[in-house]
Amino acid sequence: MTSSIFLDAPWEREDNNAYIARGGYSCAPAHSSGELLAVLRDADLRGRGGAAFPTATKLEAVLAAAPPARPVLVANGAEGEPFSFKDRYLMRYRPHRVLEGLICCAAAVAADQAFVYTCDDRSAESLRAALRERDYPIPVSVVTSEHTYVAGEETAVVNRLSGGLGLPTDKPPRPFESGVHGRPTVVLNVDTLAQVAGLVHPTAAEDGTPASFLASVVSIAGEPALYELPEGTSVRELARDFAGQEATFSAVVMGGFFGGMVPLTDENQVALQFVPPPGSDTALGCASFFFVDEAQDCPVAAAADAAAYLSRHNARQCGPCVRGTATAAKALESLCTGKAAESIRDDFARWAEILPGRGACAVPDGVARLLRCLMTAFAPVVQTHLAGRCERCVDLTASGRRRSRFALTF
Ligand SMILES: Cc1cc2nc3c(=O)[nH]c(=O)nc-3n(C[C@H](O)[C@H](O)[C@H](O)COP(=O)(O)O)c2cc1C
Ligand code: SF4
């Protein structure tokens, strides 16, 4: 596949001149609102921030609301998922692509102000440099925030940009109804915006479709890797490529902590696509993947560590989430230490049922999905952990690698 993001020099920051030389900013924001929406709809562009919501629909919602105030456009580069780094890659190395997408979408909804929101100083620096490199039709500000797990949830983004704390609040109202300082606001992930830029001006280096995506890939042992993949790639193919000759994997935690966990068997050819097939309980989410190494890691430990991470990093403001994630994390830990009772299956089933929708943000839904995956796709592994202590869990805990498994630095 021709790379439209990495180009020939993946680790070189693309400045304004280089971006223009390959066709950048040639159309933006020349597309009328209707034209841009048609392009996005035809391409079925889905948000890359986690929920895969159709981007055109989000823009249309603001237009349909016929707001009294001019809307605000926000590029969300918070990237709170601990093993995702594709957004930071784009902001640091391809800032103009993000900014072009931003001004195209801003023009489509007649926004008169835009923000790029990030928790990464190097991204902020690169974006501010890009903003100095050329003139933009509307004011664009780069705003930084503390790096927390929930800082990138859209209402948290709106709260922070309105001068408050970066914490989620109940919806409605959604940002398109009442966002930054009460104004209608469109929040789009920076990767989504980079895709918009690719769609509005297919250049020689691009094939004109949004069918590729950036995938952040990590495991407990290997070096993190960033891939640009065609949509539809099987998770097995990705695992093979990432493993090289070095490793085999038993499972993968998908889409950050929201996409569930799938076993990696030869039969399991889960296709990586933003709209999962009917009946699937996994999601591509923000396209970050934590591969569970067969020799050194354990799917139950990975699920326990994910739940423990969410329990430590939730915003501590919704009772069911605070209690639910902590209880689930504790129960999963009891499986790792061989202390769980058979009744844990009933507990998992109950929590998987009651947790979804019980918080201001989707953290409890993510935990519920992990539990559902464990009960269905990993039932035999759970059974082994009920039968006795898992040696791999013992080793992992003793080596201290469990607590640091999601401490990725990029
Ligand atoms: C707990 C939580 C954390 C989130 N963190 C991010 C984030 O760091 N970056 C992001 O773009 N979206 C994040 N989202 C999703 C945003 O709420 C929002 O859906 C997204 O920014 C919209 O952009 P998109 O439509 O382009 O995906 C998060 C959602 C939740 C529930
Ligand atoms: S659901 Fe959980 S993580 Fe989300 S805002 Fe409430 S307490 Fe925080």
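FYI, side chains are in, hydrogens and waters are out, and symmetry mates aren't considered; it's all heavy atoms of this structure. Whatever order the structure lists ligands and atoms in, that order sets their numbers, starting from 1.
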**OP:** Could you please give the number of protein N/O/S atoms within less than 2.8 Å of atom 4 (Fe) of ligand 2?
**Re:** 1
Subject >> Aromatic plane relationship, F406 with Y309 - under 30° parallel, 30 to 60° tilted, over 60° perpendicular >> reply: perpendicular
Original post:
Of the non-hydrogen atoms in A360 and K171, which two are nearest, and what is the gap between them?
Top reply: O-NZ, 2.8 Å
Original post:
Any ion pair linking R183 and D112 (charged N to carboxylate O, less than 4.0 Å)?
Top reply: yes
**OP:** Measure the acute angle between the ring planes of H96 and Y136, then classify it against the limits of 30° and 60° as parallel, tilted or perpendicular.
**Re:** parallel
**OP:** Please examine the side chains of H147 and D120, heavy atoms only from C-beta on, and report whether any two atoms are closer than 4.5 Å.
**Re:** no
Atom pairs and distances, ligand 1 N/O vs protein N/O under 3.5 Å:
unit_1	atom_1	unit_2	atom_2	d
ligand 1	8 (O)	E79	N	3.0
ligand 1	8 (O)	G80	N	2.9
ligand 1	11 (O)	N76	ND2	3.3
ligand 1	11 (O)	N189	ND2	2.8
ligand 1	12 (N)	G49	O	3.4
ligand 1	12 (N)	N76	ND2	3.3
ligand 1	17 (O)	E154	N	2.8
ligand 1	21 (O)	N76	ND2	2.9
ligand 1	23 (O)	N189	N	3.1
ligand 1	25 (O)	K58	NZ	2.7
ligand 1	26 (O)	N189	N	2.8
ligand 1	26 (O)	T192	OG1	2.6
ligand 1	27 (O)	R48	N	3.4
ligand 1	27 (O)	G49	N	2.7

Original post:
Of all heavy-atom pairs between A111 and I138, which one has the smallest distance, and what is that distance?
Top reply: O-CG2, 3.7 Å
Original post:
Sub-3.5 Å donor-acceptor pair from the side chain of R174 to the main-chain atoms of T155, do we have one?
Top reply: no
**OP:** Examine the proximity of ligand 2 to R358 and report which part, side chain or backbone, both or neither, has a heavy atom under 4.0 Å away.
**Re:** neither
Original post:
Distance-only, no hydrogens or angles: does the E79 side chain make a donor-acceptor pair with backbone N or O of R88 under 3.5 Å?
Top reply: yes
Original post:
Has R134 got its NZ or CZ under 6.0 Å from the middle of the six-membered ring of Y25, at an angle within 45 degrees of the ring axis?
Top reply: yes
Subject >> NZ/NE/NH1/NH2 to OD/OE distance under 4.0 Å, R13 and D15 >> reply: no
